[in-house]
Amino acid sequence: MIFKRVGDSRPYPDHGLTTKGWAALPPRTVRLDELVTTKDTLQLVALLNEDSTFFGDLFAHVVEWNGELYLEDGLHRALRAALQQRNVLHARVHTLG
């Protein structure tokens with residue numbers, strides 16, 4: 001199993017973080033098997049595109065809420081890490097509550 005669980009929505013309240021707010025959070029490593037996804041589908045082109053991180057944040061965005069780590073943005077990065085047989089992902093983690 002790559003992820004702890006595959007979800008299809010964001011169960012946590014709106015955090016209101018902007019791109020600048022995410023950028024202020026220091027990246028850290030997160031184990032893939034501790035993540036719950038907030039999307040259950042992926043655009044294959046995003047996974048295969050070598051420039052997929054060129055215009056966005058280099059790190060995935062994870063929201064910690066009620067003891068769970070939710071992968072809000074960066075599903076393609078997480079799957080790419082799994083395909084490269086890595087079990088961790090560098091992510092910016094925002095804790096709610």
Side-chain angles (χ1 to χ4, degrees):
M1 186 82 168
I2 297 172
F3 301 112
K4 181 176 184 177
R5 192 168 63 253
V6 174
D8 62 359
S9 64
R10 299 175 184 173
Y12 49 86
D14 183 23
H15 49 67
L17 276 183
T18 63
T19 303
K20 188 175 182 178
W22 279 109
L25 298 173
R28 69 176 215 208
T29 57
V30 178
R31 290 183 52 86
L32 294 177
D33 61 3
E34 294 177 347
L35 292 173
V36 177
T37 69
T38 59
K39 299 174 187 169
D40 61 0
T41 58
L42 170 74
Q43 298 266 339
L44 188 57
V45 70
L47 179 65
L48 300 176
N49 187 355
E50 291 182 20
D51 294 336
S52 64
T53 59
F54 185 75
F55 294 105
D57 195 341
L58 293 176
F59 304 102
H61 295 173
V62 173
V63 175
E64 183 176 5
W65 185 64
N66 286 344
E68 298 274 12
L69 294 173
Y70 293 95
L71 180 61
E72 180 174 292
D73 183 46
L75 181 58
H76 62 290
R77 290 176 181 87
L79 286 174
R80 190 178 295 155
L83 288 171
Q84 294 172 348
Q85 299 182 346
R86 296 189 325 238
N87 60 359
V88 296
L89 174 70
H90 287 87
R92 299 183 192 278
V93 180
H94 175 64
T95 303
L96 281 176

Can a donor-acceptor pair be found, under 3.5 Å and without considering hydrogens, that links the side chain of Thr37 to the backbone of Gly7?
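Yes, Thr37 side chain to Gly7 backbone: donor-acceptor pair under 3.5 Å.
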Can you check whether Leu71's main-chain N or O pairs, donor with acceptor, with Thr38's side chain at less than 3.5 Å?
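Present.
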Counting C-beta onward and ignoring hydrogens, is there a side-chain heavy-atom pair between [X] and [Y] closer than 4.5 Å?
{"X": "Leu96", "Y": "Glu64", "answer": "no"}
{"X": "Asp73", "Y": "Lys39", "answer": "yes"}
{"X": "Leu17", "Y": "Val63", "answer": "no"}

Going hydrophobic residue to hydrophobic residue with side-chain gaps under 4.5 angstrom, can you get from Val62 over to Ile2?
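Yes, Val62 connects to Ile2 through the hydrophobic network.
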Could you go step by step and tell me if Leu69 and Val30 meet the side chain to side chain contact (heavy atoms under 4.5 Å, CB included) rule?
CA-CA 9 Å; Leu69 294 173; Val30 178; 3.8 Å; yes
Quick one: closest heavy-atom pair of [X] and [Y], and the distance?
{"X": "Trp65", "Y": "Tyr70", "result": "O-CE1, 3.8 Å"}
{"X": "Arg77", "Y": "Ala60", "result": "CD-N, 4.0 Å"}
{"X": "Trp22", "Y": "Arg92", "result": "O-CD, 2.9 Å"}

By ring pair (Phe, Tyr, Trp, His ring centres under 6.0 Å), which residues pair with Phe3, not counting sequence neighbours?
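Phe3 satisfies ring pair (Phe, Tyr, Trp, His ring centres under 6.0 Å) with no residue once adjacent residues are dropped.
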As an exercise, state the distance from CG of Asn87 to CD of Glu34, rounded to the nearest 0.5 Å.
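These two atoms lie 9.5 Å from each other.
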Going by the salt bridge (charged side-chain N to carboxylate O under 4.0 Å, His left out) test, which pairs reach into residues 1-14, not counting sequence neighbours?
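Listed once each, the pairs are Lys4-Glu68, Arg5-Glu68.
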Do Glu72 and His94 get their side chains close enough for a donor-acceptor pair, meaning under 3.5 Å?
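Result is no, nothing qualifies.
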